Peer 1: 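Mind having a look at this structure? Questions to follow.
Everything quoted here is computed from the prediction, not taken from an experiment.
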Amino acid sequence: MPEKDKKYYIGIDLGGTFVKGGIVDEKGEIITDGKVPTESEKGGEKVMDNIAALVSDLLKNTGLKKEDVEGIGMGVPGMIDSKNGIVVFSNNLRWHHLKISEGVENRTGLKVKIANDANVAALGEAVYGAGSEVDDSILLTLGTGVGGGIIVGNKLVEGNRSAGAELGHMVIEHGGEQCTCGRKGCLEAYASATALIRDTKRAMEAHKDSKMWEIGSLDAVTGKTAFDYEKTDVYAKEVVDKYVEMLACGIANIANIFRPHKVLIGGGVCAQGDNLLVPLQKIVDREIFAGELGPKCPIAIAKLGNKAGILGAAALIADIN
């Protein structure tokens, strides 16, 4: 049971399919969690109703009243005006200028603070996860796209009107692969799991003698395929080597701009562990400005996994950042 003399925070991780949430204590322990369907196709009002219903369920699960929690922090996909609590644009949720903080506050009677979901995940790792022992850390999430979050001096850096920190959309090859953002050659177009799958399929199509065909068909390709065969198939190794080189290029750029104490990487590709980290670190160490003369920029795997969103959102409202 929760203790009345502790502080509690509600963290909401708003996704395209589910709204996940939890109540977090001041030590970063999730004392209860749950999820409800997002139902974004029914509009923003319905989503805010669902968030309020989830908050009510979380409180009931713990026996806490709304007066016992400090407020609600939320991580939301898209361009977020965190100061004014507005979702300026979210392509996944099909929202334009939704006043989500105000809407959820009116429904729950609790104060609400929002930020971009990747920024919130970075904050979660900085406060409770792999970046908790340093002041400056940067998180890159390698999934369908490449998200990013920047922590400097234990503060979340969001940029003008919270529209910055789009690390996946730095160009690393001018005129290169088409990115979904409209530009060409973005880090996302080379270092996302989507890009890894694309390049694996290209290699298989170009080389019918590749052992990767043992998986059966192109439809069976995942972000693991090239890594699974890199030691036995030269074409798989070429895919992995190119992927690591492009990701390292992006990380070296980030390191040269911010020189953080740590760069954290999350997402499904990170399940490769040292198979990814060791060659990645070697290239970054070689390419970083001043090389061995300057401070190193260690790369580590993010720790919190699916909990980063809830914990980071709770940290938003806890004003730890």
Peer 1: Are V76 and F18 grouped together when hydrophobic residues (ILVMFWY) are joined by side-chain heavy atoms under 4.5 angstrom apart?
Peer 2: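 No, no single cluster joins them.
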
Peer 1: For K231, does the NZ atom sit with more than 12 other heavy atoms under 6.0 Å from it, leaving out its own atoms?
Peer 2: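 Count not over threshold, so no.
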
Peer 1: Ignoring hydrogens and angles, tell me if any N or O in the side chain of T141 forms a donor-acceptor pair with the backbone of G147 under 3.5 Å.
Peer 2: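 Yes: the side chain of T141 pairs with the backbone of G147.
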
Peer 1: Tell me if a side-chain donor or acceptor on Q178 pairs with a main-chain N or O of R183 at a distance below 3.5 Å.
Peer 2: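 Checked: pair present.
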
Peer 1: Would you confirm whether Y190, through its side chain, and E177, through its main-chain N or O, come within 3.5 Å as a donor-acceptor pair?
Peer 2: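 The answer is yes, because a donor-acceptor pair under 3.5 Å joins these two groups.
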
Peer 1: Within the structure provided, determine whether L54 and I12 are in side-chain contact (heavy-atom separation under 4.5 Å).
Peer 2: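 When only atoms from C-beta onward are counted, I12 and L54 do touch, with a gap below 4.5 Å.
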
Peer 1: Is there a donor-acceptor contact under 3.5 Å from the side chain of D25 to the main chain of G28?
Peer 2: yes

Peer 1: Which residue pairs satisfy the side-chain hydrogen bond (donor to acceptor under 3.5 Å, both in side chains) criterion with at least one member in residues 292-315, sequence neighbours excluded?
Peer 2: none

Peer 1: Can you confirm whether K111 sits close enough to I317 that some side-chain heavy atom of one is under 4.5 Å from a side-chain heavy atom of the other?
Peer 2: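 Of all side-chain heavy-atom pairs linking I317 with K111, at least one is under 4.5 Å.
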
Peer 1: Quick one, I151 and D136 - any side-chain contact, counting heavy atoms below 4.5 Å?
Peer 2: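 No, every pair of side-chain atoms sits at 4.5 Å or beyond.
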
Peer 1: Salt bridge or not for E39 and K42, using N-O below 4.0 Å?
Peer 2: yes

Peer 1: With distance as the sole test, does Q281 use its side chain to make a donor-acceptor pair with the main-chain N or O of I299 at under 3.5 Å?
Peer 2: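 Side chain of Q281 to backbone of I299, a donor-acceptor pair under 3.5 Å: yes, one is there.
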
Peer 1: Give the cluster check for I197 versus F227: same hydrophobic cluster or not, with ILVMFWY residues linked at side-chain heavy-atom distances below 4.5 Å.
Peer 2: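 In one cluster with I197: F227, no.
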
Peer 1: Between R107 (side chain only) and G103 (backbone N and O only), is there a donor and an acceptor less than 3.5 Å apart?
Peer 2: yes

Peer 1: How does the hydrophobic cluster around L264 look, that is, which other residues are in it when side-chain heavy atoms under 4.5 Å mark a link?
Peer 2: L139

Peer 1: Give a yes or no on this: more than 12 heavy atoms of other residues, nucleotides or ligands lie within 6.0 Å of atom CE of M79.
Peer 2: no

Peer 1: Count the heavy atoms of every other residue, nucleotide or ligand shown that sit under 6.0 Å from CD of E133, and state whether that count exceeds 12.
Peer 2: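 For E133, atom CD is not crowded (no more than 12 foreign heavy atoms under 6.0 Å).
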
Peer 1: Main chain of V104, side chain of T108: is a donor-acceptor contact present, judged purely on distance under 3.5 Å?
Peer 2: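 Yes, T108 side chain to V104 backbone: donor-acceptor pair under 3.5 Å.
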
Peer 1: Looking only at side chains, do D209 and Y235 share a donor and an acceptor under 3.5 Å apart?
Peer 2: yes

Peer 1: Do V146 and V239 sit in the same hydrophobic cluster, where Ile, Leu, Val, Met, Phe, Trp and Tyr count as joined when their side-chain heavy atoms come under 4.5 Å apart?
Peer 2: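 V146 clusters together with V239.
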
Peer 1: Exactly one of V55, D68, L59, N61 should register a side-chain contact (heavy atoms from CB on, under 4.5 Å) with I23. Which one does?
Peer 2: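 When side-chain contact (heavy atoms from CB on, under 4.5 Å) is applied between I23 and each of V55, D68, L59, N61, only L59 qualifies.
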
Peer 1: Does D135 use its side chain to pair, donor to acceptor, with the backbone of N154 at less than 3.5 Å?
Peer 2: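 No, D135 side chain to N154 backbone: no donor-acceptor pair under 3.5 Å.
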
Peer 1: Could you point out which residue of D241, V234, V240 forms a side-chain contact (heavy atoms from CB on, under 4.5 Å) with K237?
Peer 2: D241

Peer 1: Before accepting this row, confirm whether a basic side-chain N of the pair D199/R202 lies closer than 4.0 Å to the acidic partner's carboxylate O.
Peer 2: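 Yes.
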
Peer 1: Around atom NZ of K201, are there more than 12 heavy atoms of other residues, nucleotides or ligands at under 6.0 Å?
Peer 2: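 Check passes, neighbour count above 12.
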
Peer 1: Clusters formed by hydrophobic residues whose side-chain heavy atoms approach within less than 4.5 Å: which one holds V278, and what are its other members?
Peer 2: none

Peer 1: Give me the atom names and distance for the closest heavy-atom approach of I138 to P260.
Peer 2: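 Minimum heavy-atom contact is CD1-CG, 4.1 Å.
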
Peer 1: Let's go through L14 and L93 carefully: what are the C-alpha distance in whole Å and the side-chain angles of both, what is the deciding distance for side-chain contact (heavy atoms from CB on, under 4.5 Å) to 0.1 Å, and is it a yes or a no?
Peer 2: CA-CA 10 Å; L14 178 54; L93 299 172; 4.1 Å; yes

Peer 1: Transitively linked via ILVMFWY side-chain contacts under 4.5 Å: L156 with L167?
Peer 2: no

Peer 1: Please answer whether the main-chain N or O of V112 pairs with a side-chain N or O of E105 as donor and acceptor at a distance below 3.5 Å.
Peer 2: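 Yes, because the side chain of E105 sits within donor-acceptor range (under 3.5 Å) of the backbone of V112.
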
Peer 1: Just by distance, no angles: are the side chains of T180 and E188 close enough, under 3.5 Å, to form a donor-acceptor pair?
Peer 2: yes

Peer 1: Kindly assign one of parallel, tilted or perpendicular to the pair H96 and F89, based on the angle between their ring planes and the thresholds 30° and 60°.
Peer 2: tilted

Peer 1: Could you walk me through whether Y229 and E214 pass the side chain to side chain donor-acceptor pair (under 3.5 Å) check?
Peer 2: CA-CA 10 Å; Y229 284 90; E214 292 174 358; 3.2 Å; yes

Peer 1: Step by step, work out the side-chain contact (heavy atoms from CB on, under 4.5 Å) result for M212 and V221.
Peer 2: CA-CA 9 Å; M212 290 188 287; V221 171; over 6 Å; no

Peer 1: With a 4.5 Å limit on heavy-atom distance, are the side chains of S82 and K113 in contact?
Peer 2: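 Contact flag for S82/K113 side chains = no.
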
Peer 1: With heavy-atom distances below 4.5 Å as the criterion, would you say the side chains of L140 and I254 are in contact?
Peer 2: yes

Peer 1: Would S162 and D81 count as having a side-chain donor-acceptor pair, cut-off 3.5 Å?
Peer 2: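 There is no such pair between these side chains.
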
Peer 1: Is it the case that the side chains of E158 and N116 hold a donor-acceptor pair, with the cut-off being a distance below 3.5 Å and no angle test?
Peer 2: no

Peer 1: Could you tell me whether a side-chain N or O of D117 sits under 3.5 Å from a main-chain N or O of G75, the two making a donor and an acceptor?
Peer 2: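 Not confirmed, D117 side chain does not pair with G75 backbone.
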
Peer 1: Determine whether I288 and F258 fall in the same hydrophobic cluster, where Ile, Leu, Val, Met, Phe, Trp and Tyr are linked whenever their side-chain heavy atoms lie under 4.5 Å apart.
Peer 2: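 I288 does not cluster with F258.
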
